[in-house]
Amino acid sequence: MDIIFYHPTFDSQYWITTLEKALPGARVRKWEEGDSQPADYALVWNPPVEMLRGRALKAVFALGAGVDSILTKLNAHPEMLPETTPLFRLEDTGMAQQMQEYAVSQVLHWFRRFDDYQALKQQASWQELDEYRHEDFTIGILGAGVLGSKVAESLHVWGFPLRCWSRTRKEFAGVTSYAGAEELNEFLRGTRVLINLLPHTPETVGIINLSLLNQLADNSYLLNLARGAHVVEHELLQALDQGKLKGAMLDVFSQEPLPAENPLWQHPRVAMTPHIAATTRADDAITYIARTITQLERGESAQGRVDRRRGY
């Protein structure tokens, strides 16, 4: 079989060599502009339209958990990928553990008031603060897919009240589940830490706005690990300045890299990382892709297929 590979930053040669070892008999090549030779599968991240257009592919694999860059291009160029061509995404491949590490470390940072102690340190003020209580520190997770469920699992052992919200109701041990637009307000009411792990769809763009944030508990926190497009940034700053939100930790932004003039850089209660919460680990991803291609070649069903109508 022939596989074409495109990623603007990954080490293409490592992926090609390792994939060919994982799939004996496969011929893997880096796609270059002008390459119109036949291929059976494509492995891509934010691919040029001409890479996929006109190809009779058995499947396309997005080299990450999100497929919004592909779906956005499909909206403008529906001929790029026929509806019948399966599109797969990396549901885990090491990302879940990274998200767990990030979420747990940040929640504990806020719960133990390390943000407040750092502020006191800047004032050279030696002061012991009152402790927060677990029962007053309800954590709400927006999005209850593979990553959301794993984050909930990792936080459960710390004794926090947990709740999740998603399109359809989920059943996770120790987690109160809310579903659908009619239950969103109830989910938000009393939530102290809001963790965003929603998929990027037209329905979720701008969902974290001032109206939503005002429904959280007072002195709440936002942790955005999904997509920058979910957050209306200037309204997030309003919620911080008005005192509704006590802090925000952001890993993703509406524009990346974040421009130097963006006011998020300067806000004292906004912490940031440069979209590193969970990165694609090559060996784990290759193992998943090789297994899935093998299943498809055998005519078997495989996990990770995207429902294009839902966007995930």
Side-chain angles (χ1 to χ4, degrees), residues 96-144 147-165 172-178 183-198 208-226 230-231 235-252 264 267-273 277-278:
Q97 181 179 344
Q98 296 173 73
M99 286 293 192
Q100 289 176 320
E101 294 165 350
Y102 197 117
V104 169
S105 65
Q106 187 58 42
V107 167
L108 294 179
H109 179 88
W110 284 326
F111 180 68
R112 292 300 307 271
R113 306 195 66 172
F114 293 151
D115 55 333
D116 292 323
Y117 283 116
Q118 182 63 20
L120 289 172
K121 184 256 185 185
Q122 300 299 327
Q123 303 167 25
S125 175
W126 183 281
Q127 181 182 349
E128 184 175 347
L129 302 173
D130 292 337
E131 293 182 347
Y132 289 148
R133 302 186 306 171
H134 285 80
E135 56 266 33
D136 298 329
F137 219 74
T138 297
I139 299 169
I141 301 171
L142 280 172
L147 298 179
S149 66
K150 290 295 185 181
V151 167
E153 178 184 294
S154 66
L155 288 166
H156 181 248
V157 299
W158 294 95
F160 298 109
L162 290 172
R163 55 179 64 169
C164 68
W165 179 85
F172 304 137
V175 182
T176 303
S177 178
Y178 297 83
E183 295 184 8
L184 179 57
N185 292 349
E186 186 180 355
F187 161 82
L188 295 168
R189 194 175 303 115
T191 291
R192 185 72 182 276
V193 178
L194 183 66
I195 301 177
N196 179 37
L197 283 165
L198 286 169
I208 302 176
N209 51 36
L210 187 60
S211 174
L212 180 144
L213 294 171
N214 277 337
Q215 296 180 70
L216 299 173
D218 291 338
N219 292 312
S220 54
Y221 301 91
L222 171 67
L223 174 56
N224 189 16
L225 300 174
H230 291 139
V231 177
E235 294 190 10
L236 165 62
L237 291 170
Q238 280 183 263
L240 287 162
D241 290 339
Q242 292 170 3
K244 182 63 178 183
L245 278 189
K246 190 174 180 186
M249 181 72 191
L250 309 175
D251 182 60
V252 288
L264 290 170
H267 201 286
R269 286 182 285 123
V270 174
M272 302 187 302
T273 50

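Each of L216, V270, D218 was scored for a side chain to side chain contact (heavy atoms under 4.5 Å, CB included) with L245, with one residue passing: L216.
In this structure, the side chain to side chain contact (heavy atoms under 4.5 Å, CB included) partners of Q215, at least two apart in sequence or on a different chain, are N185, L188, S211. With sequence neighbours excluded, the residues satisfying ring-ring contact (aromatic ring centres under 6.0 Å, His included) with Y132 are F137.
A salt bridge does not link R269 with D115: none of the charged nitrogens is closer than 4.0 Å to a carboxylate oxygen.
Counting heavy atoms from C-beta on, the side chains of T176 and F187 never come closer than 4.5 Å. In this structure, the side chains of K246 and D116 come closer than 4.5 Å at one or more pairs of heavy atoms. Using a 4.5 Å heavy-atom cutoff, the side chains of I208 and L142 are in contact. Under the 4.5 Å side-chain criterion, counting only non-hydrogen atoms from C-beta, E235 is not in contact with L213. Taking the side chain as every heavy atom from C-beta outward, V107 and I195 approach each other to under 4.5 Å. Using a 4.5 Å heavy-atom threshold, the side chains of T273 and Y102 count as touching. Counting heavy atoms from C-beta on, the side chains of L147 and L225 never come closer than 4.5 Å.
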Is there a side chain to side chain contact (heavy atoms under 4.5 Å, CB included) between V175 and I141? Walk through the geometry before answering. CA-CA 10 Å; V175 182; I141 301 171; over 6 Å; no

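Of the inter-residue distances, the one linking F172 atom CZ with K150 atom NZ reads 10.0 Å to the nearest 0.5 angstrom. One distance of note links NE2 of H230 with CG of L212; it measures 12.0 Å at 0.5 Å rounding. Taking CG of L236 as the reference point, atom CG of L250 lies at 6.0 Å (rounded to 0.5 Å). Here CG of L194 is found 14.0 Å from OH of Y221. Values are rounded to the nearest 0.5 Å. Between the CG atom in L222 and the CG atom in N196 there is a gap of 7.0 Å [rounded to 0.5 Å]. Atom CE of M99 is separated from atom CG of L223 by 9.0 Å, given to the nearest 0.5 angstrom.
Nearest heavy atoms, R189 versus R163: O-NH1, 2.7 Å. For T191 against G140, the heavy-atom pair with the smallest separation is CG2-N, 3.6 Å. The two residues W110 and V193 have their closest heavy-atom pair at CZ3-CG1, 3.9 Å. The shortest non-hydrogen separation linking Q242 to L210 is OE1-CD1, 4.1 Å. Counting all heavy atoms, side chain and backbone alike, L240 lies closest to A248 at CD2-N, 4.3 Å. Between M249 and A271 the shortest heavy-atom distance is SD-CB, 3.2 Å.
A distance-only check finds a donor-acceptor pair linking the side chain of H134 to the backbone of W158 [under 3.5 Å].
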Residues 117-131 side chain polar contacts: donor-acceptor under 3.5 Å, at least two apart:
unit_1, atom_1, unit_2, atom_2, d
Y117, OH, L129, N, 3.0

